[in-house]
S.K.: 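The structure is given below, and queries will be raised subsequently.
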Amino acid sequence: MNIKSFAMIAGVLALAACGDNTPNPEVLKGTNFISAGAGADITLSFDANEMRVNGQVVNLYNGTYEAEGNKIKFGPLASTMMMGPMDAMQTEQDYFQFMSTVETYDLTDGRLTLRNAEGKEIVFQQVEPVAEVVEETAEVVEANAATEDVPADAVAIPVAAPDTAAVAE
């Protein structure tokens with residue numbers, strides 16, 4: 001192989017490695033996230049088919065969004081109007097105000113960072129969709145029904161492990 005051929009192949013490979021690093025908003029569709037807030041966790045889910053979001057802080061909320069590249073803008077959010085603990089309500093109010101100012105996003109390794117022009121940000125961790133959890137629960141109920149005398153309409157309810165320190169006292 002001559003030097004000219006080698007240089008040409010190396011150049012093509014270098015250009016191919018560069019690629020287009022522009023974020024693709026399509027990767028948001030169908031994803032679900034959670035962020036720990038003061039007094040309440042914040043959930044954020046992107047609809048799989050439409051440019052819509054929904055989630056919960058204290059109240060359930062939903063709205064629209066537009067995204068192009070790494071730019072994102074959320075439309076007005078509609079929410080239920082339930083009361084909760086004061087710190088959770090403050091977290092919710094701050095979150096809703098922040099969402100109206102978000103300008104960019106970054107989704108890397110399952111972490112979604114929403115950022116506004118002032119540099120304020122909220123970081124979410126990607127979680128599996130609720131529907132998959134429901135399907136897994138149904139599978140467990142079906143498996144138990146096959147081995148035990150469990151009514152067909154029984155619902156699996158998660159139970160927290162006992163506090164071993166409290167049990168020891």
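Note that this is a predicted model, so its numbers are computed, not measured.
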S.K.: If you measure from CZ on Arg111 to CD on Gln125, what distance do you get to the nearest 0.5 Å?
M.R.: 6.0 Å

S.K.: Is the shortest side-chain heavy-atom distance between Leu114 and Phe124 below 4.5 Å?
M.R.: yes

S.K.: Please answer: with hydrophobic residues joined when any side-chain heavy atoms are less than 4.5 Å apart, are Leu44 and Phe98 in the same cluster?
M.R.: yes

S.K.: Between the side chains of Glu26 and Lys29, is the shortest nitrogen-to-carboxylate-oxygen separation below 4.0 Å, so that they form an ion pair?
M.R.: yes

S.K.: On a heavy-atom basis, which atom in Val57 and which in Ala40 lie closest, and how many Å separate them?
M.R.: CG1-CB, 4.1 Å

S.K.: For the residue pair Gly39 and Thr91, what are the closest heavy atoms and their distance?
M.R.: N-OG1, 4.5 Å

S.K.: Distance from Leu77 atom CG to Leu60 atom CG, nearest 0.5 Å?
M.R.: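 Leu77 atom CG to Leu60 atom CG measures 12.5 Å (nearest 0.5 Å).
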
S.K.: I need the Asp109 CG to Gln126 CD distance, nearest 0.5 Å.
M.R.: 10.5 Å

S.K.: Treating Thr80 as the side-chain partner and Asn59 as the backbone partner, does any N or O pair qualify as donor plus acceptor under 3.5 Å?
M.R.: no

S.K.: How are the rings of Phe74 and Phe46 set relative to one another: parallel (under 30°), tilted (30 to 60°) or perpendicular (over 60°)?
M.R.: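 Tilted.
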
S.K.: Treating Ile, Leu, Val, Met, Phe, Trp and Tyr as nodes and any side-chain heavy-atom pair under 4.5 angstrom as an edge, say whether Val27 and Tyr65 lie in one connected cluster.
M.R.: yes

S.K.: Donor-acceptor pair, distance only, cut-off 3.5 Å: does the side chain of Asp47 make one with the backbone of Met51?
M.R.: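 Not confirmed, Asp47 side chain does not pair with Met51 backbone.
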
S.K.: Contact between Ile122 and Thr113 at the side-chain level, heavy atoms closer than 4.5 Å - yes or no?
M.R.: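 Side-chain contact under 4.5 Å: no.
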
S.K.: How far does CD of Glu92 sit from CE of Met82, to the nearest 0.5 angstrom?
M.R.: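 So the CD of Glu92 and the CE of Met82 are separated by 11.0 Å.
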
S.K.: Give the minimum heavy-atom separation between Gly110 and Phe33, together with the two atoms involved.
M.R.: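 The pair with the smallest heavy-atom distance is O-CE2, 4.4 Å.
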
S.K.: Between the main-chain N or O of Val58 and the side-chain N or O of Gln56, is there a donor-acceptor pair closer than 3.5 Å?
M.R.: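 Here the side-chain-to-backbone pair exists.
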
S.K.: Side chain of Ser35, backbone of Val123: donor and acceptor closer than 3.5 Å?
M.R.: yes

S.K.: Tell me, do Asn62 and Val53 make a side-chain contact under 4.5 Å, heavy atoms counted?
M.R.: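 Counting from C-beta outward, Asn62 and Val53 never come under 4.5 Å.
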
S.K.: With no hydrogens and no angle check, is any side-chain donor or acceptor of Thr43 less than 3.5 Å from a backbone partner on Ile34?
M.R.: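 Pair absent, no side-chain N/O of Thr43 close to backbone of Ile34.
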
S.K.: Restricting to side chain to side chain contact (heavy atoms under 4.5 Å, CB included), what partner residues turn up for Gln93, sequence neighbours left out?
M.R.: Gln90, Gln97

S.K.: Rounded to the nearest 0.5 Å, how far does CD of Glu121 lie from CG of Asp106?
M.R.: 9.5 Å

S.K.: What is the distance from atom OG1 of Thr104 to atom CD1 of Ile72, rounded to the nearest 0.5 Å?
M.R.: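 These two atoms lie 9.0 Å from each other.
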
S.K.: Has the side chain of Tyr105 got a donor or acceptor atom that lies under 3.5 Å from a matching backbone atom of Gly69?
M.R.: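 Yes, because the side chain of Tyr105 sits within donor-acceptor range (under 3.5 Å) of the backbone of Gly69.
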
